[in-house]
Amino acid sequence: VVQSPHSPLSTRARRRAEEEEEANFVIAGAMEQALKAANMYCDKVSPPSTLRELLSQIFDAADEESEGMMAHYEVARLMMATLPGFGLEGWDINQLLSCAQENDDGWINLQAFTKLASKMVIQLRERRISFRSSSKHCFAPVAKEGIEFCYLAELKETVSELMKIFEAKAAEDPTRGLYQQKSGEYSSQ
């Protein structure tokens, strides 16, 4: 079956290819910005062609033992250093990290995370750009009274649970600091 260059199928395919090319161009620019933000850019070496390749190179450089695994906090540190250059904020990066699968020892398989992250970063970036272009990103300050109204019960429960832990630890080891309630707030003795 021969299709006309003006058929709906070829038009859709052409449009999809143009959109993909444009997205690749935007991501390439974002990768360059990210590398510059992390002080990793070098104009003498061509940058990675895909986000997945970039993340792989970052992890390979940081994985000194070539184990293919890295502690969660190390992955977080690398992402916090690199991804703001993509226009992501800490909140976005934390969301990405919350999806990382850890083993029982708290280690992340870098290959699996790279595959997941390369897709998620693009989605998070598009969402962040959309959010910034909308008028919803203007935040009003929240008064202390508003926080207390919404979360006072949870805050009191958290303080109560923490006090139980502190008191139990202080009973185990008297050299640890004791905390005592003074006028509705907690202070160290």
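In what follows, every heavy atom counts, from backbone to side chain, and hydrogens, waters and symmetry copies are set aside.
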Listing, residues 89-96 side-chain donor-acceptor contacts under 3.5 Å, not counting sequence neighbours, or none:
residue: Glu89; atom: OE2; partner: Arg132; partner atom: NH2; Å: 2.9
residue: Asp92; atom: OD1; partner: Arg128; partner atom: NH2; Å: 2.9
residue: Asp92; atom: OD2; partner: Glu89; partner atom: N; Å: 2.9
residue: Asp92; atom: OD2; partner: Arg128; partner atom: NE; Å: 2.8
residue: Asp92; atom: OD2; partner: Arg128; partner atom: NH2; Å: 3.2
residue: Asn94; atom: ND2; partner: Gly90; partner atom: O; Å: 3.3
residue: Gln95; atom: OE1; partner: Arg127; partner atom: NH2; Å: 2.8

*Could you tell me the separation between the CE atom of Met80 and the CG atom of Leu78, rounded to the nearest 0.5 Å?*
11.5 Å
*Do you know which of Val121, Leu88, Leu55 makes side chain to side chain contact (heavy atoms under 4.5 Å, CB included) with Met79?*
Leu55
*Compare every heavy atom of Leu116 with every heavy atom of Cys99, then report the nearest pair and how far apart it is.*
O-CD2, 3.6 Å
*asked:* Taking Val159 as the starting point, is it possible to reach Leu152 by hopping between hydrophobic residues whose side chains are less than 4.5 Å apart?
replied: no
*Spacing of Leu97 atom CG and Ile108 atom CD1 [to the nearest 0.5 Å]*: 6.5 Å
*Listed by chain and number, what are the side-chain contact (heavy atoms from CB on, under 4.5 Å) partners of Lys119, not counting sequence neighbours?*
Lys115
_How close do Ser118 and Leu51 get, counting heavy atoms only, and between which atoms?_
O-CD2, 3.4 Å
*Which pairs pass side chain to side chain donor-acceptor pair (under 3.5 Å) with one or both residues in residues 98-113, sequence neighbours excluded?*
His72-Glu102
_Run the side-chain hydrogen bond (donor to acceptor under 3.5 Å, both in side chains) test against Lys164 and tell me which residues pass, sequence neighbours left out._
Glu161
*Are Val75 and Met69 co-members of a hydrophobic cluster defined by side-chain heavy atoms under 4.5 Å apart?*
no
*asked:* Please report the interatomic distance CD1(Ile129) to CZ(Arg125), rounded to the nearest 0.5 Å.
replied: 3.5 Å
*Looking at residues at least two apart in the chain, or sitting in another chain, which of them share a side-chain contact (heavy atoms from CB on, under 4.5 Å) with Ser56?*
Thr114
*Write out all pairs satisfying salt bridge (charged side-chain N to carboxylate O under 4.0 Å, His left out) with one or both partners inside residues 62-81, taking only residues at least two apart or from two chains.*
none
_Once rounded to the nearest 0.5 Å, what's the spacing between atom CD of Gln57 and atom CG of Leu54?_
6.5 Å
*How far does CG of Leu162 sit from CD of Glu157, to the nearest 0.5 angstrom?*
10.0 Å
